[in-house]
Amino acid sequence: MLNLERLRTLDALARHGSVSGAAEGLHVTTSAVSQQMAKLEREIGQPLLAKNGRGVRLTDAGRLLADHAARIISQVELAQADVEAQRGCAVGELRIGAFPTAMRGLLPKALTALRAGHPELRALVREMEPEESMAAVVRGDLDLALAIDWHNKRMPVPAELTRAHLLDDSVDIAVPNGHRLADRAEISLAEFADDDWVSWNEGQFCHEWLVSTLRGMGIEPRIAHIAEEHHTQLAFVEAGLGVSVAPRLGRGPVPDGVRLLSVSDAVRRHVYVVWRADADRRPSIRAAVEALQVAALNVQTGS
């Protein structure tokens with residue numbers, strides 16, 4: 001009898017393409033992955049992995065079994081959804097990935113309500129960028145992901161996922177108090193053609209949005225500083241080192257030396273939640289989506 005956890009390990013190896021990637025996706029050590037694969041090879045009676053330079057690759061037998069493993073795991077998940085749906089209540093674990101401002105601005109209230117209404121459901125949250133978290137939902141490493149796109153730059157959602165809109169998040173531009181535009185009530189992004197920007201990491205969706213939006217206005221953006229954390233960006237702005245985009249969701253207190261300017265271009269982010277389409281029947285998914293929608297409504301109404 002094949003062991004399900006070892007099949008999960010093989011499936012993770014096939015999806016991630018490396019022992020280290022599989023270990024990260026399964027939240028175990030690389031040694032644990034290697035041990036599980038060694039046991040699975042003994043069960044099968046033939047090698048499933050072969051050396052490939054410094055890494056490994058699946059043998060023909062490994063790829064064949066990995067295909068079966070993916071189908072078996074999918075059927076197990078469907079069985080879990082059916083059993084949970086028959087019971088009619090949200091139970092077990094729910095794994096959620098969320099980008100930083102949603103972690104601060106939405107999840108605390110949503111998870112508090114979820115815990116109060118569904119005490120047998122245990123939510124586990126990881127801070128992740130939207131592209132990463134959506135891929136994790138597709139792989140089955142997460143159950144839900146909070147993601148964003150922009151009014152003028154959409155993020156593709158894999159066909160396997162269902163999405164539900166939560167809110168539209170307006171953004172401001174953060175400038176130092178002494179900035180030439182600091183006394184304005186409203187500005188346009190085009191007015192910052194000669195400013196240095198404090199932005200997110202290159203390759204992140206929000207960074208790519210900022211660059212492509214400014215270039216669409218005929219402006220070559222001057223990205224002077226890169227900072228992952230929003231409060232670090234504001235500290236640089238306060239020091240007079242540049243300007244930054246300041247989303248309102250989860251923003252929190254702003255340093256005294258920073259002014260927030262409304263954008264006349266109606267710049268906004270669309271915040272939504274995604275989950276696997278085959279998990280629609282799970283009461284835990286429905287309960288979490290409802291809690292997130294209520295939390296988003298409270299954010300919009302200020303309640």
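All values below were derived from every heavy atom in this structure, side-chain atoms included, with hydrogens, water molecules and symmetry-related copies excluded. None of these values were measured; they are calculated from a predicted model.
- A side-chain donor-acceptor contact under 3.5 Å links E238 to the backbone of G257.
- Between E208 and K153, the closest side-chain pair of non-hydrogen atoms falls below 4.5 Å.
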(Q) Determine whether E5 and T9 satisfy the following criterion, side chain to side chain contact (heavy atoms under 4.5 Å, CB included), listing intermediate values before the conclusion. (A) CA-CA 6 Å; E5 288 308 308; T9 302; 5.6 Å; no
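- Hydrophobic clustering, with ILVMFWY side chains joined whenever heavy atoms are under 4.5 angstrom apart, groups W200 together with I219.
- By the neighbour-count criterion of 12 heavy atoms within 6.0 Å, atom CZ of R122 is sparsely surrounded, having that number or fewer from other residues, nucleotides or ligands.
- Counting heavy atoms from C-beta on, the side chains of H225 and D196 never come closer than 4.5 Å.
- Considering only heavy atoms from C-beta on, T101 stays 4.5 Å or farther from R251 through its side chain.
- When atom types are taken as modelled, the side chain of R268 and the backbone of S170 share no donor-acceptor pair closer than 3.5 angstrom.
- Contact check for R163 versus V273: no side-chain heavy atoms found under the 4.5 Å cut-off.
- The only member of E228, E132, E131 that meets side-chain hydrogen bond (donor to acceptor under 3.5 Å, both in side chains) when paired with Q204 is E228.
- In this structure, H231 has its ring center no closer than 6.0 Å to that of F236.
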Q: List the steps, then state whether side chain to side chain contact (heavy atoms under 4.5 Å, CB included) holds for L146 with V274.
A: CA-CA 7 Å; L146 292 173; V274 301; over 6 Å; no
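- A distance of 12.5 Å separates CZ of R184 from CD1 of I173, quoted to the nearest 0.5 Å.
- Remark: side-chain polar atoms of S264 are paired, donor with acceptor, to backbone N or O of I187 under 3.5 angstrom.
- Scanning both residues, V263 and V171, for their nearest heavy atoms gives CG2-O, 3.8 Å.
- Residue L65 holds its CG atom at 5.5 Å from CG of L7, rounded to the nearest 0.5 Å.
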Side-chain polar contacts of residues 239-248 - donor-acceptor pairs under 3.5 angstrom, sequence neighbours left out - could you list them?
from, atom 1, to, atom 2, distance (Å)
R248, NE, D172, OD1, 3.4
R248, NE, D172, OD2, 3.2
R248, NH2, D172, OD1, 2.8

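- By the side chain to side chain donor-acceptor pair (under 3.5 Å) test, R95 is found to be paired with D143, residues two or more places apart in sequence or in another chain being considered.
- Using a 4.5 Å heavy-atom cutoff, the side chains of V289 and L166 are not in contact.
- Nearest heavy atoms, L48 versus E41: N-OE2, 2.8 Å.
- Within 6.0 Å of CD in E186 there are more than 12 heavy atoms belonging to other residues, nucleotides or ligands.
- Closest approach of H118 and A287 over heavy atoms only: NE2-CB, 3.4 Å.
- Remark: L144 CG to W275 CH2 distance equals 7.5 Å, nearest 0.5 Å.
- Of the charged side-chain nitrogens involved, at least one lies within less than 4.0 Å of a carboxylate oxygen, so that E220 and R215 count as a salt-bridged pair.
- In terms of modelled atom types and a separation under 3.5 Å, the side chain of Q36 and the main chain of V33 share no donor-acceptor contact.
- Within the 3.5 Å criterion, the main-chain N or O of G21 finds a donor-acceptor partner in the side chain of S18.
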(Q) One pair to check against side chain to side chain contact (heavy atoms under 4.5 Å, CB included): Q293 and H165. What are the steps and the verdict? (A) CA-CA 8 Å; Q293 289 172 329; H165 178 264; over 6 Å; no
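- What you find for F205 and D149 is that their closest heavy atoms are CE2-CA, 3.6 Å.
- Put simply, the residue from V137, L142, L111 that forms a side-chain contact (heavy atoms from CB on, under 4.5 Å) with I96 is L111.
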**Q.** Evaluation steps, side chain to side chain contact (heavy atoms under 4.5 Å, CB included), between M155 and W150
**A.** CA-CA 8 Å; M155 179 178 290; W150 294 82; over 6 Å; no
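- The only member of R276, R15, R126 that meets salt bridge (Lys or Arg N to Asp or Glu O under 4.0 Å) when paired with D141 is R15.
- Residues W197 and M217 fall within the same hydrophobic cluster, defined by Ile, Leu, Val, Met, Phe, Trp and Tyr side chains chained together at heavy-atom separations under 4.5 Å.
- A distance of 6.5 Å separates CG of D194 from CZ of R180, quoted to the nearest 0.5 Å.
- Residues E202 and V211 have side chains not in contact (no heavy-atom distance under 4.5 Å, counting atoms from C-beta outward).
- V299 is connected to V271 through a chain of hydrophobic side-chain contacts under 4.5 Å among Ile, Leu, Val, Met, Phe, Trp and Tyr, so both are in one cluster.
- Checking side-chain atoms of S133 against main-chain N and O of P130 turns up a donor-acceptor pair under 3.5 Å.
- Clustering ILVMFWY residues whenever any of their side-chain heavy atoms sit less than 4.5 angstrom apart, transitively, puts L106 in a cluster other than the one holding V294.
- The residues R6 and E43 are annotated as salt-bridged, a charged nitrogen and a carboxylate oxygen being separated by less than 4.0 angstrom.
- Residues L214 and F192 are not in side-chain contact: their nearest non-hydrogen atoms beyond the backbone lie 4.5 Å or more apart.
- Taken from NE2 in H207 to CG in N201, the straight-line distance is 8.5 Å, to the nearest 0.5 Å.
- R282 has no carboxylate O lying under 4.0 Å from a charged side-chain N of E93, or vice versa, which leaves the two without a salt bridge.
- Between D60 and R63 there is a salt bridge, since a side-chain N of the basic residue sits under 4.0 Å from a carboxylate O of the acidic one.
- Scanning both residues, A61 and P47, for their nearest heavy atoms gives CB-O, 4.1 Å.
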(Q) Before you tell me yes or no, could you show the steps for S31 and Q35 under side chain to side chain donor-acceptor pair (under 3.5 Å), namely the whole-Å CA-CA distance, both residues' side-chain angles and the distance that decides it to 0.1 Å? (A) CA-CA 6 Å; S31 175; Q35 290 173 14; 3.2 Å; yes
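- Of all heavy-atom pairs between A98 and L107, the closest is CB-CD1, 3.5 Å.
- Going from atom CG of L2 over to atom CG of L40 covers 6.5 Å, rounded to the nearest 0.5 Å.
- Under the 4.5 Å side-chain heavy-atom criterion for Ile, Leu, Val, Met, Phe, Trp and Tyr, L234 and I226 are members of distinct hydrophobic clusters.
- Qualifying side chain to side chain donor-acceptor pair (under 3.5 Å) partners for H270, counting only residues two or more places apart in sequence or in other chains: R154, D168.
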